[in-house]
Amino acid sequence: MKRTESFAAAVFLAGTLGLASQAGAQNIRLDRTVTFSQLATAPGTESNTGGEYRQGPVEDADLKKLLRGSISSARVSSAHVPRPNPLAVDGAGSVTGFNGLTQAQQRLADGGNQFSIEPPDQGLAVGNGFVVEAVNLALRVDRVGGAPVGGVVSLNRFFFNESAIVRATATTPTRYGHFVSDPKAYFHAATGHWFVTVLSIDVNPATGALLGRSRVHVAVSQTADPTGGWRIYSIETTNGTGTTPGHAGCPCFGDQPLIGADANGFYITTNEFPIFVGGFNGAQVYAVSINDLENPAVAQPRMKAFDNLPLAEGPAYTLQPATAAPGVAYGGTAYFLSALDFTGTLDDRIAVWALSNTVWLSTGTGAALSLQSLVIKSQSYGQPPDAEQKPGPTPLRDLLKGLKIATEHLPLIAANDDRMQQVMFDGTNLWGALNTVVKPLNGPTRVGSAYFVVRPATTGGVLSATIARQGYVSVNNNSVLYPSVAVNASGAAAIGLTLVGPDYYPSAAYVRLSGSGAPNVVNVAAAGAGPEDGFTGYVSQADSRTARWGDYSAATVDEAGNLWFATEYIPALPRTQLANWGTYIGKITP
């Protein structure tokens, strides 16, 4: 499966700072109930008889080409880019952890009726002694020590009771399931419920061609045991929130649903793209009553949606909702962060968003929900280059060269763009991070991470915010990608990410953020065993020299305040012919 290229903001129509428009009628509905422990089947075998991967919507790729213009995918201009002091690289430190899902495990799930996938796009939730990890296109429950519970479950099987693909036999034609992508996961510690989300696009079951209907799905566990029963809801996203029936190019879909939560609401944001033509219609916010989602007696959960979100000189994109660590009082106002690099070059601003009066989601009374934004000055960040790799064994590349299909090169690794990654709230501050271009002491530009600690306030209905702390993570002559920040109620924080470059195979790494000082070391939690050697990095397979990676990692906090992260790396584990990625799940005790 060749997934949607990740979103990068191009030059859009000018907008103005202010309040977002609120949608009219928009519903979330219950589709089905499932029992997780009944869904896992024995792994299948790898089949290369066709239908090994499929193309999703391609408009993001077009935007990325427009954004980059003539800039090399491996280099960007070093003029004015951040020049942070590089950090040392050290061993695993105090982390404990285990291997998460791999491409081989997800590909062979559901009896092998799965696609080959790059990248994994990780969701992670931890609580009640369990770890829930979701990747494209699979889901697994582990004990906190790493012991799997119930096997690997296909996302198509979980959300639709179907296979992603049933390949043709001598007597039956190929059958295709829904296009499913971009999973996320969350554990609501206060009530003991689990959440998993994905996007879907309907397809022609006989041909696999995309059709004109899309949804975001929200699975909610019925108890604190994620291997038990779940209720699965859906939000129609075919035409955004319904406030603008003339959305250009619709039918559309909500790309990369992002999630956050507080005591009153479960928050989902999307980027809306047309399915069949190029274009970008801006971001949406869906605010749903978390109490209603968790209550099986409520047939129609309360929900409000927001669309037409202006921001500075362009429409807003990739609003990251904040989640709060267990023990953090977070209610009444929900917060979000987003980036503002509209030209795909450099910027020194970020946006803070406040969704006020969220108690309405719990009670249905009081003032209406109100969404506003504020642009604040920040450290600079910018469009990252793609990351170089350390040479090593590449069986797929060797096979393609041996077959004389093409002269393949060692792939670069995609750093995508500088959108805001996952955001957490510690009760006072919002913590977020993003990919950025950096200029090391010696050598060409590389990929680094910029992090932000933002102190928001909403007084008298007016949003204010200041930067409490900010900084960079950079390793000289190498790259760090896809940061996710975990912060607990005491303010202890860490960033999980991938370390890769001329000196490192793609490795799972983390950085501690303690006190007010800058970090001084990148710890390698799990060293990579070789280069990325997947199909998306080869011209003969995906028309690209840049392999898909990320598109995001994940981080969270358990009830005891331990910091957890999940990130992609290359493990020394069984692979499939077409890809070799794996994931690592780490636990940091503050």
Side-chain angles (χ1 to χ4, degrees), residues 1-6 44-62 64-65 68 72-74 102-108 112-121 135-138 164-165 167-168 174 176 179-181 203 207-210 386-416 481 498 500 505-506 528-551 568-571 573-582:
M1 176 181 176
K2 183 179 176 183
R3 287 202 54 257
T4 309
E5 288 287 337
S6 63
T45 58
E46 188 175 3
S47 170
N48 293 310
T49 59
E52 193 58 35
Y53 50 85
R54 65 179 173 185
Q55 174 72 59
V58 297
E59 72 300 311
D60 282 347
D62 295 336
K64 194 169 183 180
K65 291 175 183 177
R68 288 197 181 277
S72 164
S73 61
T102 67
Q103 147 68 8
Q105 291 169 331
Q106 83 80 26
R107 170 61 180 82
L108 302 180
N113 296 314
Q114 295 272 88
F115 289 102
S116 289
I117 300 287
E118 286 196 312
D121 291 356
V135 299
N136 282 316
L137 291 168
I165 181 173
R167 294 173 179 83
T174 298
Y176 295 88
F179 177 90
V180 176
S181 190
V203 304
T207 66
L210 297 176
D386 293 325
E388 296 183 1
Q389 293 200 80
K390 176 182 176 181
T394 49
L396 176 57
R397 177 189 174 202
D398 294 344
L399 174 65
L400 297 174
K401 290 172 65 177
L403 294 174
K404 301 187 185 302
I405 296 176
T407 302
E408 302 287 7
H409 301 277
L410 182 67
L412 303 167
I413 284 183
N416 288 353
L481 302 86
T498 295
V500 63
Y505 296 133
E532 149 70 26
D533 182 43
F535 68 97
T536 59
Y538 296 117
V539 173
S540 62
Q541 303 300 298
D543 193 26
S544 174
R545 277 199 59 199
T546 299
R548 298 294 308 279
W549 197 263
D551 286 320
E568 185 179 3
Y569 86 120
I570 302 298
L573 292 172
R575 61 167 293 166
T576 63
Q577 180 173 289
L578 288 178
N580 64 333
W581 59 260

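Just so we're clear, the structure is a prediction, and the values are computed from it rather than from any experiment.
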For the [atom1] atom of [X] and the [atom2] atom of [Y], what is their distance to the nearest 0.5 Å?
| X | Y | atom1 | atom2 | result |
| --- | --- | --- | --- | --- |
| L403 | D398 | CG | CG | 11.0 Å |
| T546 | D386 | OG1 | CG | 4.0 Å |
| L410 | R545 | CG | CZ | 8.0 Å |
| Y538 | T407 | OH | OG1 | 13.0 Å |
| F115 | F179 | CZ | CZ | 9.5 Å |

Side-chain ([X]) to main-chain ([Y]) donor-acceptor, under 3.5 angstrom:
| X | Y | result |
| --- | --- | --- |
| Q106 | L137 | yes |
| Q114 | L108 | no |
| D551 | D121 | no |
| W581 | W549 | no |
| T498 | E568 | yes |

Which of E118, E52, E46 passes salt bridge (charged side-chain N to carboxylate O under 4.0 Å, His left out) with R107? Answer is E52
Quick check: closest heavy atoms across [X] and [Y], and the distance to 0.1 Å?
| X | Y | value |
| --- | --- | --- |
| A414 | L481 | O-CD2, 3.8 Å |
| P571 | A529 | C-CB, 3.8 Å |
| V500 | E388 | CG2-O, 3.8 Å |
| S116 | L578 | OG-CD1, 3.9 Å |
| P119 | G550 | CB-O, 3.1 Å |

Test of understanding: with salt bridge (Lys or Arg N to Asp or Glu O under 4.0 Å), list the residues that count as partners of R397, not counting sequence neighbours.
none
For [X], side-chain contact (heavy atoms from CB on, under 4.5 Å) partners two or more places apart:
| X | answer |
| --- | --- |
| Y505 | K390, P393, P531 |
| N580 | E532, D533, I570, R575 |
| P574 | none |

Establish, from distance only, whether the side-chain atoms of T576 and Q103 form a donor-acceptor pair under 3.5 Å.
yes
Non-neighbouring partners of Q389 that pass side chain to side chain donor-acceptor pair (under 3.5 Å), sequence neighbours left out
none
If the condition is side chain to side chain donor-acceptor pair (under 3.5 Å), which residues does S540 pass it with, not counting sequence neighbours?
E408
Just wondering, do I165 and R54 contact through their side chains at under 4.5 Å, heavy atoms?
no
Begin from the C-alpha positions of L399 and Q577 and carry the test side-chain contact (heavy atoms from CB on, under 4.5 Å) through to its verdict.
CA-CA 9 Å; L399 174 65; Q577 180 173 289; 4.0 Å; yes
